[in-house]
Amino acid sequence: MASKVLVTGGAGYIGSHTVVELQNNGFEVVIVDNLSNSNIDVLNRIQKITGKRPIFENFDLCDTEKIKLFFKKHNDIKAVIHFAAFKAVGESVSNPLKYYNNNLVSLVNLLQAMNENNISNLVFSSSCTVYGQPDELPVTEQSPIKEATCPYGYTKQVSEQVLKDSTSAYKFFKAIALRYFNPIGAHDSALIGELPLGVPNNLVPFITQTALGLRKQLSVFGDDYNTPDGTCIRDYIHVVDLAKSHVIAIQRLLKNNNINDFEFFNIGTGKGNSVLEVINTFERVTAQKLNYKITNRREGDIEQVYADTKYANFELGWKAEKTLEEALLSAWNWEKYYRNNLSNKE
Ligand code: UFG
């Protein structure tokens, strides 16, 4: 019998790609999503890709009554992947309570419900943001947790602490936090991808929207950093590689082979690329010319961060396989497909 996995935030960017990989690996998926930053139509497109429509429940995980009813109805869930959270760094600075409330209350509610329903296995969406600006690169899982640069970052740090404390107190609980570096790209089918509401905050959606003429100009936030070309360096990971790491984490939890109660892994490529490298690569693989200019630094940006992935490679047997070229091309194909075929229908 296929194990049933609850995916919170499964209609979102990383969530939808993970649902595809889970279904392709024989898992039965139930999505809980309040569609605050996603569209119900993604279910049709997941079905197109995998031949199977995930079960879907629309509610907010801050609502404890709805969670209770949910677990009563779905009493055969074996594991949970918790994506549902707000993620805009700038908004978290201007509206911190929104972030602390949503991101922390939903996690605590979920853990309480898992506890009451004897569900032991959780995979949590964490972020390299927990490292702040590391003293040494590449950053390993043993690198110190620095002060976060924004409330969003604090919610990830606190969430990990909640998992550490809960797994040590409630002995049957096991959790794996995946610390994502910078997820980019889209599914090869171009049927699902990143769809930010309004003006994108992140680099790659801003690039694809600019190339398509939806934005006039891309701003490169600073070229006076202490890096080879002066622009910031990040570890850009293809979202499909990232999605696959969740399947492996779930399989590991379900196998229960003496893993520690709480584990955390860097999920990146191990390679850093500057903003200008990303732009140049995009121009090369898509044959598009990008209109961009160098502007001031963006407040709160760290200079550089990229992952040491040895621990994830060895312990999980997972490795990023796709290149930056493939990721940028897939992001471009998705942007074009979405604007030409889907945006007018949603
Ligand atoms: N950038 C630009 N122009 C833009 C957008 C971004 O030059 O229009 C630059 C940024 O300055 C940065 C790089 O592109 O150097 C990447 O920026 P993103 O906003 O795409 O990603 P961040 O690295 O800032 O943020 C990501 C995640 C957050 C997470 C953070 C941790 O989106 O969730 O990493 O560092 F908290």
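One-based numbering, in listed order, for ligands and for the atoms of each. These numbers come from a predicted model, not from an experiment. The chain is numbered in sequence order, starting from 1.
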Listing, residues 79-91 side-chain donor-acceptor contacts under 3.5 Å, not counting sequence neighbours, or none:
from: His82; atom 1: ND1; to: Thr8; atom 2: OG1; distance (Å): 2.7
from: Glu91; atom 1: OE1; to: Tyr99; atom 2: OH; distance (Å): 2.5
from: Glu91; atom 1: OE2; to: Lys98; atom 2: NZ; distance (Å): 2.7

**Fill in**
Taking every heavy atom of Gln209 against every heavy atom of Pro196, the minimum-distance pair comes out as NE2-CG, 4.3 Å
**Message:** Let's go through Cys128 and Asp235 carefully: what are the C-alpha distance in whole Å and the side-chain angles of both, what is the deciding distance for side chain to side chain contact (heavy atoms under 4.5 Å, CB included) to 0.1 Å, and is it a yes or a no?
**Reply:** CA-CA 10 Å; Cys128 67; Asp235 183 335; over 6 Å; no
Between ligand 1 and the protein, tabulate every N or O atom pair separated by less than 3.5 Å, reporting distance only.
from: ligand 1; atom 1: 3 (N); to: Ser219; atom 2: O; distance (Å): 2.7
from: ligand 1; atom 1: 7 (O); to: Ser219; atom 2: O; distance (Å): 3.3
from: ligand 1; atom 1: 7 (O); to: Phe221; atom 2: N; distance (Å): 3.0
from: ligand 1; atom 1: 11 (O); to: Asp301; atom 2: OD2; distance (Å): 2.5
from: ligand 1; atom 1: 17 (O); to: Arg298; atom 2: NH2; distance (Å): 3.4
from: ligand 1; atom 1: 19 (O); to: Asn201; atom 2: O; distance (Å): 3.4
from: ligand 1; atom 1: 19 (O); to: Asn202; atom 2: ND2; distance (Å): 3.1
from: ligand 1; atom 1: 19 (O); to: Arg298; atom 2: NH1; distance (Å): 3.4
from: ligand 1; atom 1: 19 (O); to: Arg298; atom 2: NH2; distance (Å): 2.8
from: ligand 1; atom 1: 20 (O); to: Asn202; atom 2: ND2; distance (Å): 3.3
from: ligand 1; atom 1: 20 (O); to: Leu203; atom 2: N; distance (Å): 2.8
from: ligand 1; atom 1: 21 (O); to: Asn182; atom 2: ND2; distance (Å): 3.1
from: ligand 1; atom 1: 23 (O); to: Asn182; atom 2: ND2; distance (Å): 3.0
from: ligand 1; atom 1: 23 (O); to: Arg234; atom 2: NE; distance (Å): 2.6
from: ligand 1; atom 1: 24 (O); to: Arg298; atom 2: NH2; distance (Å): 2.9
from: ligand 1; atom 1: 32 (O); to: Asn202; atom 2: ND2; distance (Å): 3.0
from: ligand 1; atom 1: 33 (O); to: Tyr152; atom 2: OH; distance (Å): 3.2

**Asked** In terms of side-chain heavy atoms, does Tyr180 have a donor or acceptor partner in Ser125 at a distance below 3.5 Å?
**Response** yes
**Message:** Counting neighbours of NZ on Lys72 that are heavy atoms of other residues, nucleotides or ligands and sit closer than 6.0 Å, is the number greater than 12?
**Reply:** no
**Message:** Ring-plane angle category for Tyr170 and Phe173, please: parallel below 30°, perpendicular beyond 60°, tilted otherwise.
**Reply:** perpendicular
